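Computed from a predicted model, the values in this text were never measured in an experiment. Below, each value reflects all heavy atoms present in this structure, side chains not excepted, and no hydrogens, waters or symmetry copies.
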Amino acid sequence: MPYNVKDISLAPKGKEKIEWVQRHMPVLEHIKREFEEKKPFKGITIASCLHLEPKTINLGLTLMAGGAEVAMTGCNPLSTQDDAAAAGASLGLNIYGWRGETTQEYYENIHRVLDHEPDILIDDGADMIFLTHRERPELLDKIKGACEETTTGIHRLRAMAEDGALRFPVVAVNDAYTKYLFDNRYGTGQSTLDSIMGTTNMLIAGKTVVICGYGWCGRGIAMRAEGLGANVIITEVDPIRALEARMDGFRVMKVNEAVKYADILITATGNIDVVSLEDFKKMKDGCIMANAGHFNVEINRDDLLSLSVDNRIIKEDIEEFILSDGRRLYLLAEGRLVNLASSRGQGHPAEIMDMSFSLQALSAQHLLSMDYEPGVYKSPDEIDLKVARLKLESMNIEIDELTPRQVEYLSNWQEGT
Ligand SMILES: NC(=O)c1ccc[n+]([C@@H]2O[C@H](COP(=O)([O-])OP(=O)(O)OC[C@H]3O[C@@H](n4cnc5c(N)ncnc54)[C@H](O)[C@@H]3O)[C@@H](O)[C@H]2O)c1
Ligand SMILES: N[C@@H](CCSC[C@H]1O[C@@H](n2cnc3c(=O)[nH]cnc32)[C@H](O)[C@@H]1O)C(=O)O
């Protein structure tokens, strides 16, 4: 199997991590057994651009169990766990990626994965889909379709489809209920706080935590920060979400005001320049900033640099900026996704990625059976329900069923008081 990983001798340590997460991914393990029996991907090549870590390797093994040839790279230059990547390569996956890639190496590794001439792409953030359209158009005719993992990737792909530029169908995995309600909310909530605490070794209780964006990720982070005793302030641009944040009990204000109080500031918007020059000018001394949203554009590091007289890595994944007035500000993990890009970040818990990656596996299978026009499609409800049912089953939770009388009542508009 061709591969290019940091150090293949790390494989035994990576295998231990993979075996551990497998115990906590019962839905994906169930699907793996189904795939082993039916081999839905016989003769099919699947390329993925997802955070390369143990749960993702387990998705790769699941697709391989279904008969696929699998080629994988990372979707973020800092999020690869080298031991898991080595283990994946030793188990028969074609893996290209390591932690700390340069931008050039990041794109070269996507090219290596595309060299396998995939039938299906699984992407997170849509970099691989864009690169295929821009630089590998010879592959477009063979590609049956793609699955996209995250909110921002789907926004970008919808824009591409509206411009008539998208050449194959894409399943918006993020938009399934068993994805965003759990992964974006509980997953990001827990893993973001876990990584900030692990990276800084600081207390959350009593701190003022400003969260920019009250979408699914923002509300998960707010919920967990509040639970740890923080005083939470929300910034938003959407009046409905701002109102919701207020009625959930949080203070809401403009970012330029909120920065005056922030001990910790976390972005989760998917937008650019959410915190920039004028905000750094007013920011409280000692503020720790982290991004849990998209790429490294939410917190404008160039603006921060332009105000600084000095900057240095003061501790692993913590960059200190000393401003001309003596204030010190701190940026975690280069402003990239703190829950994955910081070396202390382990990503979402296995139980969460169990659902997200089961959706990916079933959506990839679904693409093979469909003849969609190019465009962005919701993951079918049957897949969402199957994942929810299997998850409940794995938790030994039984729920009620509608009786025939209840079905009739719910569909009858004539019954009154
Ligand atoms: N860290 C992770 O593991 C992880 C997990 C899932 C999603 N994501 C990413 O996190 C981002 C948010 O995802 P989501 O599902 O919560 O999206 P969402 O659309 O539900 O929420 C984003 C929110 O940000 C707000 N917003 C936009 N610009 C803003 C600005 N300048 N200031 C304040 N608020 C602003 C929007 O109004 C919206 O309410 C996306 O980029 C997504 O891809 C990260
Ligand atoms: N590739 C971009 C896009 C954001 S990644 C956000 C996605 O990461 C996914 N994610 C979160 N934790 C994990 C994990 O532990 N393993 C694999 N994917 C994860 C999650 O499903 C979410 O939709 C970037 O790196 O900035």
Side-chain angles (χ1 to χ4, degrees), residues 151 184-185 188-189 192-193 195-197 199-200 202-308 318-323 325-339:
T151 318
N184 301 28
R185 185 166 38 168
T188 313
T192 298
L193 267 304
S195 176
I196 292 174
M197 291 189 292
T199 305
T200 63
M202 283 176 64
L203 183 72
I204 304 293
K207 296 259 173 9
T208 297
V209 176
V210 170
I211 298 160
C212 302
Y214 201 64
W216 293 104
C217 293
R219 65 190 68 192
I221 300 168
M223 193 194 296
R224 294 298 172 244
E226 186 186 38
L228 286 163
N231 216 310
V232 174
I233 298 176
I234 302 293
T235 78
E236 250 298 344
V237 292
D238 179 326
I240 296 171
R241 288 191 155 170
L243 198 55
E244 210 181 343
R246 185 70 194 108
M247 298 218 184
D248 283 346
F250 303 120
R251 278 187 289 166
V252 178
M253 61 186 80
K254 287 188 170 200
V255 66
N256 196 246
E257 176 68 13
V259 290
K260 294 182 201 162
Y261 311 105
D263 297 305
I264 299 173
L265 178 143
I266 307 167
T267 52
T269 70
N271 211 342
I272 191 166
D273 295 344
V274 177
V275 187
S276 56
L277 195 73
E278 294 307 314
D279 307 313
F280 300 128
K281 286 184 184 166
K282 293 194 181 163
M283 199 167 268
K284 185 173 161 183
D285 181 31
C287 180
I288 291 168
M289 291 174 275
N291 170 40
H294 191 70
F295 295 127
N296 54 349
V297 297
E298 302 213 13
I299 300 166
N300 191 323
R301 184 176 172 278
D302 288 342
D303 281 358
L304 191 49
L305 262 184
S306 74
L307 291 175
S308 305
I318 307 180
E319 187 174 9
E320 181 183 61
F321 296 81
I322 302 178
L323 276 54
D325 60 10
R327 279 177 300 139
R328 288 160 197 260
L329 304 178
Y330 300 95
L331 181 65
L332 305 190
E334 300 177 16
R336 291 192 180 274
L337 292 195
V338 70
N339 59 328

I318 and L332: side-chain contact (heavy atoms from CB on, under 4.5 Å), yes or no, with the steps?
-> CA-CA 5 Å; I318 307 180; L332 305 190; 3.8 Å; yes
What is the distance from atom OG of S276 to atom NZ of K281, rounded to the nearest 0.5 Å?
-> 10.0 Å
Could you grab the distance from atom CD1 of I322 to atom CZ of R327, nearest 0.5 Å is fine?
-> 12.5 Å
The reported gap from CZ in F280 to CG in L305 (rounded to nearest 0.5 angstrom) is 9.5 Å
Can you check whether V275's main-chain N or O pairs, donor with acceptor, with E298's side chain at less than 3.5 Å?
-> no
Once you round to the nearest 0.5 Å, how far does CD1 of I264 lie from CG of L193?
-> 8.0 Å
Do D248 and Y214 come within less than 4.5 Å of each other through their side chains, counting heavy atoms only?
-> yes
Smallest separation among heavy atoms of D303 and S306, with atom names | O-OG, 2.7 Å
CD1 of I196 to CZ of R224, rounded to nearest 0.5 Å, is 14.5 Å
Heavy-atom nearest pair, K284 first then D263, reads NZ-OD1, 2.7 Å
Rounded to the nearest 0.5 Å, how far apart are CD of E257 and CZ of R251?
-> 9.5 Å
Of all the heavy-atom pairs spanning G286 and Y330, show the shortest one and how long it is.
-> O-CD1, 3.7 Å
Please check if the side chain of R185 supplies one atom and the backbone of W216 the other of a donor-acceptor pair under 3.5 Å.
-> no
Are L277 and N300 side-chain neighbours, meaning at least one heavy-atom pair lies under 4.5 Å?
-> no
Backbone N or O of N296 within a donor-acceptor pair of the R301 side chain at under 3.5 Å?
-> no
Show the numbers, then the answer: is there a side-chain contact (heavy atoms from CB on, under 4.5 Å) between V259 and V210?
-> CA-CA 7 Å; V259 290; V210 170; over 6 Å; no
side-chain contact (heavy atoms from CB on, under 4.5 Å) between T267 and L265: does it pass, once the steps are laid out?
-> CA-CA 7 Å; T267 52; L265 178 143; 4.0 Å; yes
Is there a donor-acceptor pair closer than 3.5 Å between any side-chain N or O of N231 and the backbone N or O of K207?
-> no
Exercise: identify the closest heavy-atom pair between C212 and T269 = O-CG2, 3.2 Å
Ignoring hydrogens and geometry, is there a side-chain-to-backbone donor-acceptor pair from E334 to R336 under 3.5 Å?
-> no
Okay, side chain of N271, backbone of V274: is any donor-acceptor separation there less than 3.5 Å?
-> no
Would you sort out whether M289 and L304 count as a side-chain contact (heavy atoms from CB on, under 4.5 Å), showing the intermediate values?
-> CA-CA 11 Å; M289 291 174 275; L304 191 49; 3.8 Å; yes
Only one of I211, N291, N339 passes side chain to side chain contact (heavy atoms under 4.5 Å, CB included) with T192, and that residue is N339
Do you know the tightest heavy-atom contact between I221 and A268?
-> CD1-CB, 4.0 Å
List the atom of V252, the atom of A242, and the distance in Å for their closest heavy-atom pair.
-> CG2-O, 3.5 Å
